[in-house]
4 protein chains.
Amino acid sequence: MIEIDPTSPLPINDQIKGGLKGLVTKGLLRPGDKAPSIRGLAVSLKINPNTVARAFRELALEGFLDSKRGDGNYIARSAPGQAREGLAEAKDRLRDALRQARQGGLSWDDISDVIGAVKGGEDETR
Amino acid sequence: MIEIDPTSPLPINDQIKGGLKGLVTKGLLRPGDKAPSIRGLAVSLKINPNTVARAFRELALEGFLDSKRGDGNYIARSAPGQAREGLAEAKDRLRDALRQARQGGLSWDDISDVIGAVKGGEDETR
Amino acid sequence: MIEIDPTSPLPINDQIKGGLKGLVTKGLLRPGDKAPSIRGLAVSLKINPNTVARAFRELALEGFLDSKRGDGNYIARSAPGQAREGLAEAKDRLRDALRQARQGGLSWDDISDVIGAVKGGEDETR
Amino acid sequence: MIEIDPTSPLPINDQIKGGLKGLVTKGLLRPGDKAPSIRGLAVSLKINPNTVARAFRELALEGFLDSKRGDGNYIARSAPGQAREGLAEAKDRLRDALRQARQGGLSWDDISDVIGAVKGGEDETR
DNA sequence: GTGGTCTAGACCACC
DNA sequence: GTGGTCTAGACCACG
């Protein structure tokens, strides 16, 4: 459900947090639902369980997850609100990336091409 | 001529490298031209001279800049070629950012909004 | 494994790069092997960790090392090839030094003496 | 009479000083002889007159040169002694270079090859 | 524990 | 004034 890019300058940590918030934003995960297990996620994303654990711990601190020892993590009631804040952060990062792309010399046409490519990639995965 | 975002997940020194390559891509800097001085850039971008020096040293190792001690840095003859590679990297980073934005829950409409905002911001600066 | 001469006109970071490439050339380090840790090297060579980090970063940019955050640096598969290039640089530097020694007034006999001394020094260390 | 290698890690400054001392060591310049003019050397070596001037100033401070305003620089009576010290420095630098070459992975055979090449180069220039 | 980045400030070589 | 190198120490991301 989530995809990680280990080469991205955005820390894996933040990618996990953003991904989970995205799942809530998209309605694929609702308050009260059980979140994926830390170990399961670590295996499927091929990253260190410690990194996932830290992301979950931070989400719990933010009140996005309710963690129950020996059971698992559950989407908190306040999660949708937190997810909305995550959206704003995601927009900020996108804006950053766009400005940097422009500064790096990309034309708006180049940017349109990249967007098209990403859209196409999503279709294939469907 | 270059703008730095200290809050960006992309390291400052990479932003400098990308920015310089962008100036060449845009034709604002040509082979043989003198690059901005390390200290001057550091002051105008309000960052540490050492950080700029690091970016410049790496650009020199890549053959993008010719550095002359006691004189300054000059755009190398092979710079346009190197800049083209920089373009590809910039595209990769943009692609990353888009995928992460999508994963974070942004709709394509949201993304269009952000693009519009960035375009508008550029117009204002003109 | 590596020795640094802080009084040498050759920058310390270049000495580190040359030393690591030498270890590969000599077969003491092979692709896939773990390189010494930055902090460990810094301590044993009695130099600043930042200086070692700089050398390692450049080796990583050249593709000689694969650096894994939180883990360590590994000798890349392409390292032996890069090491061969390093050999050529080392020869160039030696040629320089010889020409300067000659220009400084050293006779070929003097030079033979120095070579003998260095050979002898190596034997002692054995 | 002197040759400079601008790419050498040994500062140009020191190359000039070493070269002059070498001329005395070789007997091509004797106490009381007029040294080459600063401007003339700068032109023939294609380097900045300021750099030559600094080297000469330091040689004067060391007592190797007698500088006469409006006339030129002359080899001091004590020059041969100073030149002998220069010889020791040159040997030290050679020793450094050899050790670094060995550490960089050069075999003694490689080193012999380089020496042969330098010898050959000198013959050609004759 | 590991590497990665940045700041701050020093000294050197050179124009 | 310019670039080049090194030290020192801080903070972050990761295992």
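Labels below follow one simple rule: chain letters A, B, ... track the order of the sequence lines, proteins then strands, and each chain is numbered from 1.
Counting only heavy atoms from C-beta on, B/Pro11 has its side chain closest to E/dC6 among E/dC6, E/dT7, F/dT7. Which of E/dG3, F/dG15, E/dC15 sits closest to the side chain of C/Ser67 comes down to E/dG3. The side chain of C/Arg54 lies closest to F/dT5 when the candidates are F/dT2, F/dT5, E/dC14. Distances were taken from every side-chain heavy atom of C/Ile38 (C-beta onward) to each of E/dG4, F/dC6, F/dG3; the shortest belongs to E/dG4.
Residue B/Arg69 has no polar side-chain atom (N or O) positioned under 4.0 Å from OP1 or OP2 of F/dG3.
Residue contacts for B/Asn48: at a heavy-atom cut-off of 4.0 Å it reaches a base atom on one of the strands shown. Looking at heavy-atom distances under 4.0 Å, B/Asn50 makes contact with a base. Residue-level contact check: C/Ile12 touches the backbone only, with heavy atoms under 4.0 Å from sugar-phosphate atoms and none from bases. Residue B/Thr51 is classed as a base contact, given a heavy-atom separation below 4.0 Å to a base.
Ionic pairing of C/Asp33 and C/Arg30 is not present here: no N-O contact between side-chain nitrogen and carboxylate oxygen is shorter than 4.0 angstrom. Remark: A/Asp96 does not engage A/Arg93 in a salt bridge, criterion side-chain N to carboxylate O under 4.0 Å.
Comparing B/Phe56 and A/Ile47 by the nucleotide of DNA chain F that holds the closest heavy atom to each, the one mapping nearer the 5' end is B/Phe56.
For a distance-only test at 3.5 Å, the side chain of C/Arg39 qualifies as a donor-acceptor partner of the base of E/dG3. With hydrogens and angles left out, the side chain of D/Asn13 and the base of E/dA13 share no donor-acceptor pair within 3.5 Å. Remark: the B/Asn73 side chain and the F/dG3 base include no donor-acceptor N/O pair separated by less than 3.5 Å.
Taking CG of C/Leu98 as the reference point, atom CG of C/Leu106 lies at 9.5 Å (rounded to 0.5 Å).
Of all nucleotides present, only F/dG1 satisfies the Watson-Crick or G-U wobble test against E/dC14, with each distance under 3.5 Å.
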Salt bridge (charged side-chain N to carboxylate O under 4.0 Å, His left out) evaluation trace for A/Glu89 with A/Lys17: CA-CA 11 Å; A/Glu89 291 172 20; A/Lys17 292 167 70 176; over 6 Å; no
